[in-house]
2 protein chains.
Amino acid sequence: MTTTAAQTFPRKRGANGATPRNDADEIGLDALVGHAGYAVRRFQIWIFQDFVKTLGNVDIRPTQYSVLTVIGANPGLSQMAVAKHLGIERARLVHLLDSLEQRRLVKRVRSKTDRRSHALHLTAQGETALAKFKRLAAEHERHVEDRIGKENREQLLRILADFT
Amino acid sequence: MTTTAAQTFPRKRGANGATPRNDADEIGLDALVGHAGYAVRRFQIWIFQDFVKTLGNVDIRPTQYSVLTVIGANPGLSQMAVAKHLGIERARLVHLLDSLEQRRLVKRVRSKTDRRSHALHLTAQGETALAKFKRLAAEHERHVEDRIGKENREQLLRILADFT
DNA sequence: GGAAGATTGTTGTTGACGACAACAATTGCC
DNA sequence: GGCAATTGTTGTCGTCAACAACAATCTTCC
């Protein structure tokens with residue numbers, strides 16, 4: 001391995017099974033090393049799974065969380081606006097909101113100024129729920145720190161800042 | 001073609017729409033900033049799209065590329081082995097290989113030693129095709145460099161090295 | 001003021017993907 | 001020799017991105 005990297009990490013991951021490393025078979029991923037997309041994809045899967053697991057009790061998935069967070073921070077947004085700023089398709093957002101509205105976390109209010117659009121708001125229940133979700137999300141974020149290291153996480157955020 | 005996506009961060013991304021930045025509306029993503037998962041997800045989507053676009057002419061998707069690469073580097077692997085080392089489910093690999101075998105890039109050979117399993121090999125055609133794919137993948141990798149910077153890309157790879 | 005065009009929410013379809021469950025063929029173990 | 005485990009396969013389910021079409025509603029322009 002010419003990779004001067006990875007000395008700060010636990011070598012093997014036993015129990016949690018997130019990383020399927022070579023177990024004494026030593027197969028060469030070779031050409032895949034050096035591909036940013038591959039590393040990012042694997043990491044994204046890991047992070048996603050941990051998020052889902054950590055917020056499992058409250059049954060909130062990453063996309064749902066991002067929607068709630070944006071609405072909470074910007075009440076009255078239209079679906080179009082939320083979709084655009086999260087990079088979600090508006091068609092997809094419809095179902096997401098259907099679900100969140102059924103759970104009484106979000107409500108759609110017809111806009112007075114533009115009767116095509118809906119103004120999105122958290123319900124009172126949604127507000128308190130979101131507060132809880134945020135605590136759990138922070139816990140998840142600590143898992144990330146534990147996994148890749150505090151400084152590495154910060155650098156990651158810095159590097160990817162303008163994708164947010 | 002080569003829309004040569006974004007050489008040095010055009011502040012706004014108009015056409016390709018990968019990065020939905022605020023267009024003079026200035027909505028607060030606020031709470032989402034600081035979430036590694038969110039940044040990674042957005043980045044992953046961007047990188048994925050660029051890969052698909054760059055390898056669009058040859059009709060190869062990231063997962064297919066990773067399968068071909070691993071088989072090319074380790075001829076004779078079983079499906080189980082490939083699946084495990086790529087973190088793909090063996091059920092899913094079946095369809096991937098069906099497609100790649102139809103395109104005469106890969107062939108399944110019944111193993112002599114274990115007649116349950118298939119030894120996977122690239123066809124001659126598959127070898128030359130993969131060489132071309134690798135050149136295109138390298139081009140894609142340059143797009144990543146252009147997008148986030150050379151050092152940042154290297155740091156990213158270093159940070160995520162043990163997920164590969 | 002009204003027709004033409006754009007936008008917003010909605011419904012539906014397609015395809016890639018991860019997660020599971022079940023099954024036949026085969027192998028390994030005792 | 002029999003029984004559990006493994007391998008490839010098929011199928012289902014739910015998430016997600018990408019489109020396309022549509023009705024209701026603005027906006028623009030003549």
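First the proteins, then the strands, lettered A, B, ... as listed; each starts at 1.
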Measure from the side-chain heavy atoms of [X] and tell me the nearest of [options].
X      : options               : answer
B/S78  : C/dC17, C/dG18, D/dG8 : D/dG8
B/H118 : C/dG9, C/dC20, D/dT9  : D/dT9
A/V94  : C/dA19, C/dT10, C/dT8 : C/dT10
A/A91  : D/dA20, D/dC16, D/dT7 : D/dA20

Practice item. Within residues 95-117 of chain B, find the residues that approach DNA chain C with a heavy atom at under 4.0 Å, and present them sorted by residue number. Key: B/D114, B/R115, B/R116
Point to revise | Between CG on residue A/L86 and CZ on residue A/R92, distance to nearest 0.5 Å | key: 11.5 Å
Within this structure, what is the [atom1]-to-[atom2] distance between [X] and [N], rounded to whole angstrom?
X      : N      : atom1 : atom2 : answer
B/E89  : D/dC13 : CD    : C1'   : 12 Å
B/R90  : C/dA24 : CZ    : C1'   : 13 Å
A/L93  : D/dT15 : CG    : P     : 15 Å
B/W46  : D/dC16 : CH2   : P     : 23 Å
B/I47  : D/dA17 : CD1   : C1'   : 17 Å
B/L77  : D/dG8  : CG    : P     : 10 Å
B/M80  : C/dT26 : CE    : C1'   : 15 Å
B/L120 : D/dT7  : CG    : C1'   : 12 Å

Exercise for review: In plain terms, say whether A/K150 and A/E154 are close enough for a salt bridge, that is, a side-chain N and a carboxylate O under 4.0 Å apart.
Suggested key: yes
Please state whether the phosphate of [N], meaning OP1 or OP2, lies under 4.0 angstrom from any side-chain nitrogen or oxygen of [X].
X     : N      : result
B/T63 : C/dA16 : no
A/Q49 : C/dA19 : yes
A/Q79 : C/dT7  : no
A/R41 : C/dG18 : yes

Exercise for review: Report yes if some heavy atom in the side chain of A/L77 is under 4.5 Å from a heavy atom in the side chain of A/I71; otherwise report no.
Suggested key: no
Check your understanding: Heavy atoms, side chains only, cut-off 4.5 Å: are A/V106 and A/T123 in contact?
Key -> no
Check your understanding: Looking just at side-chain N and O atoms, do B/R103 and B/Q125 make a donor-acceptor pair shorter than 3.5 Å?
Key -> no
Point to revise | Closest-nucleotide ordering on DNA chain C, the 5'-leading residue of B/I88 and A/R92 | key: A/R92
Review point. Is a side-chain N or O of A/Q44 found less than 3.5 angstrom from the main chain of B/Q44, in a donor-acceptor match?
Key: no
Point to revise | Heavy-atom closest pair, residues B/V144 and A/A36 | key: CG1-CB, 4.2 Å
